[in-house]
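To start, the structure under review is shown below, and the notes come after it.
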Amino acid sequence: MLTVNAFAAPSSSDLLEPVTITRRDVGPKDVLIEIKYSGICHSDIHTVREDWGAVQHPLVVGHEIVGLVAEVGAEVTKHAVGDRVGVGCMVDSCRECENCLAGEEQYCLNGNTGTYNVVDSDGRITQGGYSTHIVVTEDFVLSIPEALDFAAAAPLLCAGVTTYSPLRYWQAGPGKKVAIVGMGGLGHMAVKIADVMGAEVTVLSRTLAKKDDGLRLGADHYFATEDPETFNVLKNSFDLILNTVSAPVELASYLALLRRNGTMVNVGAPAEPLPLHVFNIMENRRSFAGSGIGGIRETQEMLNFCAEHGINPETELIEAAYINEAWKRLLAADVRYRFVIDAHTFA
Ligand code: NAP
Ligand code: ZN
Ligand code: ZN
């Protein structure tokens with residue numbers, strides 16, 4: 001076992017603090033990664049705060065990981081020592097079910113092994129990327145193309161793929177009007193990716209405070225949802241609405257913005273249920289859907305797409321000691337647009 005430095009949440013309410021944890025020995029198909037940068041996703045906070053259910057604390061979160069391969073097991077063929085690699089929200093899955101065989105391990109019918117807070121095959125709870133090292137089976141380790149800025153690449157592993165996957169599935173592209181609700185970590189990636197895919201992109205943010213940024217990132221239009229007039233002006237407009245908001249939204253108002261056959265996809269994951277009135281989807285033959293992260297193959301495709309098109313997340317690099325302040329600011333939507341932790345400060 002390898003003892004490594006990390007930052008853990010001791011409970012659902014205490015501040016995160018430095019700890020040491022152990023990583024399993026490098027098995028034949030394992031890769032030991034020296035973590036360089038680790039992004040902060042809103043899901044880290046939802047999980048620790050037990051918004052989605054009970055958690056076994058202390059817990060190390062973090063599932064936007066990039067680093068260098070430090071050691072490989074004897075049977076590893078996909079990665080070599082020194083390679084730039086990444087790990088996202090999953091570190092394993094059953095690999096046998098229909099969904100795994102389709103390359104959609106995120107929907108593993110036996111439950112994928114999340115990067116943190118899930119019982120691993122060795123019976124221990126997985127611990128995430130707010131740490132100096134992690135051991136992951138090679139099939140769940142991504143390659144980070146050279147063209148991507150290394151620190152900025154970390155958020156692609158969750159925020160990038162979580163927005164890329166539904167934008168691809170629902171065919172955001174030329175001739176499609178796409179609205180992105182909420183311009184945080186996920187939302188700002190969605191704007192960049194949908195723009196590069198060729199869609200006409202509208203941001204629906206609570207206020208106009210980030211309008212200049214939104215237009216710079218690739219949006220064609222930007223509206224404030226705190227202005228009721230927005231919901232009149234944009235009625236029956238969009239083919240696709242991607243909701244990235246971490247809190248409940250009033251579904252009826254947003255569904256009314258979909259044109260005929262339009263789809264609203266929820267990737268935001270508030271703790272509370274969202275009441276849906278069926279008349280809001282019967283009209284215009286609308287759909288309401290959800291989407292969860294992306295499979296390993298699609299995550300690599302997204303990384304290559306971002307490298308090819310020069311898509312880099314907008315990040316604020318922080319030291320580990322700043323994590324608690326960063327969480328406070330993230331909850332106040334005071335981040336442009338993703339915090340990334342410099343992992344050598346865990347040491
Ligand atoms: P984030 O950076 O905090 O962004 C969320 C954005 O939602 C904020 O920037 C803000 O945008 C808006 N917002 C926040 N509170 C709001 C409120 N009370 N009412 C209305 N709007 C509000 O979070 P994130 O990391 O992008 O994650 C967003 C959500 O997606 C979280 O719930 C996270 O758990 C979830 N998630 C889901 C998946 C998946 O697989 N489906 C993967 C990753 C994350 P404006 O200031 O522009 O209004
Ligand atoms: Zn995430
Ligand atoms: Zn499976």
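Order of listing sets the numbers, starting from 1, for every ligand and every atom in it.
Among all non-hydrogen protein atoms, the one lying nearest atom 26 (O) of ligand 1 is Leu186 N, 2.8 Å. From the protein, the heavy atom lying nearest to atom 18 (N) of ligand 1 is Ala247 CB, 3.4 Å. In this structure, atom 2 (O) of ligand 1 lies nearest to the protein heavy atom Gly185 N, 2.8 Å. Here the protein heavy atom with the shortest distance to atom 28 (C) of ligand 1 is Thr244 O, 3.0 Å.
Geometrically, ligand 1 and Gly292 share no nitrogen or oxygen pair separated by less than 3.5 Å. For ligand 1, none of its N or O atoms has an N or O atom of Tyr337 under 3.5 Å away.
Counted within 6.0 Å of CD on Glu316, heavy atoms from surrounding residues, nucleotides or ligands total more than 12; the atom is thus considered enclosed. For His344, the NE2 atom sits in a loose shell: 12 or fewer heavy atoms of surrounding residues, nucleotides or ligands are nearer than 6.0 Å.
A cation-pi arrangement is not found for Arg329 relative to Phe339, the charged atom failing to lie both closer than 6.0 Å to the ring centre and inside a 45° cone about the ring normal.
Heavy atoms of Ser43 found under 4.0 angstrom from ligand 1 belong to the backbone as well as the side chain. Contacts of Met183 with ligand 1, taken as heavy-atom pairs under 4.0 Å, involve both backbone and side chain. Contacts with ligand 1 closer than 4.0 Å are made by no heavy atom of Gln106, backbone or side chain. Both the backbone and the side chain of Val267 come within contact range of ligand 1, each with a heavy atom under 4.0 Å. Counting heavy atoms under 4.0 Å from ligand 1, residue Tyr222 does not touch it at all. Here Cys89 has no heavy atoms under 4.0 Å from ligand 1, in either its backbone or its side chain.
Heavy-atom proximity to atom 16 (C) of ligand 1, evaluated over His63, Arg206, His42, is greatest for Arg206.
Side-chain atoms of Asp220 come within 3.5 Å of backbone N or O of Val201 as a donor-acceptor pair.
Ring pair Phe346/Phe7 is tilted by interplanar angle, where 30° to 60° counts as tilted.
His79 pairs by the ring-ring contact (aromatic ring centres under 6.0 Å, His included) definition with nothing, not counting sequence neighbours.
Heavy-atom contacts of Cys158 reach the following atoms of ligand 1: 42 (C), 43 (C) (cutoff under 4.0 Å).
Side-chain atoms of Asn304 and Glu301 include no donor-acceptor pair closer than 3.5 Å.
At least one heavy atom of Trp52 sits less than 4.0 Å from an atom of ligand 1.
Counting only protein atoms, the N, O or S atoms lying less than 2.8 Å from the Zn ion (ligand 2) are Cys41 SG, His63 NE2, Cys158 SG, ordered by chain and residue number.
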